[in-house]
Amino acid sequence: MICVGVANQKGGVGKTTTAINVATALAAIGWRVLLIDLDPQGNASTGLGIGQSARGASSYDLLTGEAELNDCVVTTRIPRLDVVPATVDLSGAEIELIELDQRTHRLRNALHGTAAARWDICLIDCPPSLGLLTVNAMVAADSLLVPLQCEFFALEGLSQLLQTIERIRAGFNPRLEILGVALTMFDRRNNLTEQVAQDVRTCLGDKVFDTVIPRNVRLSEAPSHGMPALIYDHRCSGSEAYMALARELLGRLPNLKRAA
Ligand code: ATP
Ligand code: MG
């Protein structure tokens, strides 16, 4: 199972929207996908229609070792897409994990067993911080998908993220790499957006995916219906962009497999 973390410590940049819709796109083209909701807000779980009552064992139990991977998985109504949901317990995990052995490797250890062979790829939706939850995702992951909103402070936040990735690489997970940076909420009519996108491409080169995700109201409506935009309206510009992003991402995975 290839493991990809969806991370950026900046809030509201499109991590969850990207995780849900890339996961759905990959499932649609035949991949067996596991989405792990590692954010106490539980937006990925809600956005996939997993209500509170359907959340039994969760990503919290997986991290604390109270449940095994198989016991935490909930199937979604999308064929081949399963979820490990998040519950509010997870908000205490940043503190509770400090006391536990192997606090940075809890998720990696939980995903290591034979149970993980049920899926081809795992996406981890990270919270907007660089705390222990995100660190667990970075230690477990082969690579990172970084959504970046095209706005003025985008690059500033990015340097902090890159430093953290370097630290994780040096200390815990030398194979961690950035699979790609995805520009989100792109608005062609806004000059600043274009300028930021150009700056990001200058700075990060081919790490930036060619596909950009446009600002599209259908993407923001879909979660309230408990479904990915790709199911809610598969022909809207946002859905089409996420299909293209998933294809581009797949094109980068063979390199990853060789490196692993
Ligand atoms: P957090 O850091 O809080 O976890 P996030 O990085 O996961 O946030 P999302 O929840 O995916 O970000 O997106 C933030 C908000 O912007 C949501 O209301 C979402 O529906 C909306 N949104 C995301 N992407 C787009 C887009 N391309 N066009 C329009 N709205 C979007
Ligand atoms: Mg989120």
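Just so you know, ligand 1 is whichever comes first in the structure, and atom 1 is the first atom listed for that ligand. For reference, positions follow the sequence shown, starting with 1.
Looking only at protein heavy atoms, the nearest one to atom 21 (C) of ligand 1 is Ser220 CB, 4.0 Å. Protein heavy atom nearest atom 10 (O) of ligand 1, with residue, atom name and distance: Thr16 CB, 4.0 Å. For atom 11 (O) of ligand 1, the closest non-hydrogen atom of the protein is Thr17 OG1, 2.5 Å.
Using modelled atom types, one finds a donor on one side chain and an acceptor on the other under 3.5 Å when comparing Asp61 with Ser58. Judged by distance alone, the side chains of Glu68 and Asn70 never bring a donor and an acceptor atom under 3.5 Å apart.
Between Gly12, Gly42, Ala7, Pro214, it is Pro214 that holds the heavy atom closest to atom 27 (N) of ligand 1. Closest heavy-atom approach to atom 2 (O) of ligand 1 among the candidates Gln9, Glu221, Lys15: Lys15. The closest non-hydrogen atom to atom 26 (C) of ligand 1, taken over Lys10, Arg218, Gln41, Met185, comes from Met185.
Counting only heavy atoms, the protein never gets under 4.0 Å from atom 17 (C) of ligand 1. Within 4.0 Å of atom 5 (P) of ligand 1, at least one protein heavy atom is present.
Residue Leu250 holds its CG atom at 10.0 Å from CG of Leu245, rounded to the nearest 0.5 Å. Note that the CG atom of Asp233 and the CZ atom of Arg218 stand 4.5 Å from one another [nearest 0.5 Å].
Some N or O of Gly14 is nearer than 3.5 Å to an N or O of ligand 1, by distance alone. In terms of N/O distances under 3.5 Å, ligand 1 is not approached by Asp125. Checked against a 3.5 angstrom limit, the closest N/O atoms of Cys126 and ligand 1 fall outside it. The N/O atoms of Val13, backbone and side chain alike, include one that comes under 3.5 Å of an N/O atom in ligand 1. Between Pro128 and ligand 1, not a single N/O pair is under 3.5 Å apart. Considering backbone and side-chain atoms together, Asn216 places an N or O closer than 3.5 Å to an N or O of ligand 1. Between Asn43 and ligand 1, a contact under 3.5 Å exists for no N or O pair.
Crowding of His225 atom NE2: a count of heavy atoms from other residues, nucleotides or ligands under 6.0 Å exceeding 12. For CZ of Arg169, the number of neighbouring non-hydrogen atoms (other residues, nucleotides, ligands) closer than 6.0 Å is greater than 12.
The Gly11 neighbourhood of ligand 1 comprises atoms 2 (O), with distances under 4.0 Å to a heavy atom of that residue. Residue Ile213 approaches ligand 1 through these ligand atoms, each under 4.0 Å from one of its heavy atoms: 27 (N). The contact set between ligand 1 and Asp39, taken as ligand atoms under 4.0 Å from a residue heavy atom, comprises 4 (O).
Here the side chains of Ile36 and Cys122 are in contact, with some heavy-atom distance below 4.5 Å. Within the 4.5 Å cutoff, the side chain of Arg108 has heavy atoms near those of the Asn173 side chain. The side-chain heavy atoms of Ile78 and Leu48, taken from C-beta on, include a pair separated by under 4.5 Å.
The closest approach between Thr184 and ligand 1 stays at or above 4.0 Å for every heavy atom of the residue. Every heavy atom of Gly238 sits 4.0 Å or more from the atoms of ligand 1. Put simply, no part of Ala222 is less than 4.0 Å from ligand 1, judged by heavy atoms.
Leu148 pairs in a side-chain contact (heavy atoms from CB on, under 4.5 Å) with only one of the listed residues (Thr184, Val13, Leu158), which is Leu158. Tyr242 pairs in a side chain to side chain donor-acceptor pair (under 3.5 Å) with only one of the listed residues (Thr18, Asn21, Thr211), which is Thr18.
The pair Asp142-Arg175 meets the salt-bridge criterion, since a charged nitrogen lies less than 4.0 angstrom from a carboxylate oxygen. Taking the charged nitrogens against the carboxylate oxygens, Arg252 and Glu177 have no contact shorter than 4.0 Å, which rules out a salt bridge.
Among the backbone and side-chain atoms of Thr17, no N/O/S atom is found under 2.8 Å from the Mg ion (ligand 2).
At a 4.0 Å heavy-atom cut-off, ligand 1 does not touch Pro127 at all. With a 4.0 Å cut-off on non-hydrogen atoms, Thr18 does not touch ligand 1 at all.
In this pair, Phe172 and His105 present their aromatic rings perpendicular. The plane angle is above 60°, beyond the 30 to 60° band.
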